[in-house]
Number of protein chains: 2
Amino acid sequence: MGTKQFSGSPEDADLRRADSLAREIFSDVANKWALLIIEALGERTLRFSELRNEIEGISHKMLTQNLRMLERNGLVERTVHPVVPPRVDYALTEPGQALRVTIDGLCDWTHRYLGHIETSRHRFDA
Amino acid sequence: MGTKQFSGSPEDADLRRADSLAREIFSDVANKWALLIIEALGERTLRFSELRNEIEGISHKMLTQNLRMLERNGLVERTVHPVVPPRVDYALTEPGQALRVTIDGLCDWTHRYLGHIETSRHRFDA
DNA sequence: CGGTATCCTCGGCGATACTG
DNA sequence: CAGTATCGCCGAGGATACCG
């Protein structure tokens with residue numbers, strides 16, 4: 001990922017394109033808020049304000065911004081209900097669900113190694 | 001993750017502590033450069049300059065900074081060879097390897113859905 | 001309620017230079 | 001070669017206010 005060396009040959013052009021696209025997507029997704037949003041959604045469908053409550057410390061702006069990004073990449077589906085007051089629901093698409101599975105792995109990892117990490121930190125800080 | 005609601009009861013104190021710690025670790029790790037470094041290391045052991053070459057676009061500063069962070073959390077091991085010029089090797093620890101596996105999943109996901117995402121973007125941008 | 005726009009600040013990050 | 005320190009800027013992101 002972002003590692004390969006390409007020759008100057010023209011037939012590598014689309015490989016290089018795919019590679020930079022992969023890197024771009026990776027940068028979109030490998031971000032704290034995006035991951036927390038996906039994790040929060042899980043299998044449920046939540047409204048904007050519910051997401052805001054679920055994810056501690058996220059600002060209005062960051063939430064909308066990341067939701068747009070995720071929608072653009074086809075990871076979340078946004079459905080607007082034409083009622084007043086407005087109601088907007090968010091849910092993961094199939095690609096989003098697939099991603100969520102790996103993020104679950106990340107969360108599991110975090111909790112499994114909580115202890116290791118905490119002691120490692122104390123050792124380091126000395 | 002960063003989701004739970006705690007009562008004010010004192011016996012929840014350590015739960016809340018563990019939770020905020022988990023969130024902290026998550027924020028450390030759920031970051032583009034950290035993930036790319038771990039992915040670059042894989043099963044190999046690389047020197048500083050090799051890492052710098054492997055990871056396209058990372059600056060000297062970001063690399064050292066993230067390496068320190070990963071070392072502090074016990075995800076990478078740093079070994080200094082007392083030679084001149086200096087030689088410093090980095091390798092993943094066992095927790096680091098465990099994390100790498102899930103990151104591999106993330107990379108696989110990226111490549112599997114490259115197409116989906118690209119078309120989704122085009123639809124969205126219209 | 002959800003979204004967009006505007007403003008303003010604070011710190012992330014690159015560039016550069018210097019040590020061992 | 002690897003690491004630390006300093007400076008300076010640019011932009012991420014919070015706060016606020018206003019629409020539909």
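Chain identifiers are assigned alphabetically (A, B, ...) following the order of the sequence lines, protein sequences preceding nucleic acid strands; residue numbering begins at 1 within each chain.
- A heavy-atom distance below 4.5 Å is found between the side chains of A/Leu106 and B/Leu99.
- Within a 6.0 Å sphere centred on NE2 of A/His122, heavy atoms belonging to other residues, nucleotides or ligands number 12 at most.
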If you restrict it to nitrogen or oxygen atoms, what contacts under 3.5 Å exist between nucleotides 18-20 of chain C and the protein, and what is each distance?
none

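- Across the protein-nucleic acid pair, A/Glu71 atom CD and C/dG3 atom P stand 9 Å apart, rounded to whole Å.
- Between B/Arg47 and D/dC1 there is no side-chain N or O to OP1 or OP2 distance below 4.0 Å.
- A/Arg72 is not listed as a side-chain neighbour of A/Met69, based on a closest heavy-atom distance of 4.5 Å or more.
- Atom CZ of A/Arg87 is separated from atom C1' of C/dG2 by 12 Å (rounded to the nearest Å).
- Interatomic distance, CG of A/Leu75 versus CD1 of B/Ile117, reported as 5.5 Å (0.5 Å rounding).
- For C/dG3, the OP1/OP2 oxygens have a side-chain nitrogen or oxygen of A/Tyr90 closer than 4.0 Å.
- With no hydrogens or angles considered, no side-chain donor-acceptor pair links A/Tyr113 and A/Glu118 at under 3.5 Å.
- With a 4.5 Å cut-off on side-chain heavy atoms, A/Asn31 and A/Asn66 count as touching.
- A/Phe26 and B/His111 have their aromatic ring centers separated by at least 6.0 angstrom.
- Counting only heavy atoms from C-beta outward, the side chains of B/Cys107 and B/Glu39 approach each other to under 4.5 Å.
- Note that the CD1 atom of B/Ile103 and the CG atom of B/Asp108 stand 12.0 Å from one another [nearest 0.5 Å].
- Nearest nucleotide to the side chain of A/Ser49, out of D/dG3, D/dC1, C/dG2: C/dG2.
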Check nucleotides 5-13 of chain D for protein N or O atoms closer than 3.5 Å to its own N or O atoms and list the pairs.
from, atom 1, to, atom 2, distance (Å)
D/dG13, N7, A/Lys61, NZ, 3.1

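- Within the 3.5 Å criterion, the main-chain N or O of A/Ala91 finds no donor-acceptor partner in the side chain of A/Thr45.
- A donor-acceptor pair under 3.5 Å is absent between the side-chain atoms of B/Arg47 and the main chain of B/Tyr90, judged by distance alone.
- Rounded to whole angstrom, the span from the CZ atom of B/Arg68 across to the P atom of D/dA2 amounts to 11 Å.
- Atom CG in B/Leu63 sits roughly 11 Å away from atom P in C/dG14 (whole-Å rounding).
- The nearest whole Å value for the distance from the CD1 atom in A/Ile58 to the P atom in D/dA15 is 13 Å.
- In this structure, B/Lys32 places its NZ atom 9 Å from P of C/dC13, rounding to the nearest Å.
- When the local axes at the two ends of the helix from C/dC1-D/dG20 to C/dG20-D/dC1 are compared, using 5 base pairs at each end, they differ in direction by 40° after rounding to 10°.
- Following rounding to the nearest Å, A/Asn66 (CG) and C/dG2 (P) show an atom-to-atom distance of 17 Å.
- Between B/Arg78 and D/dG3 there is a side-chain polar atom (N or O) within less than 4.0 angstrom of OP1 or OP2.
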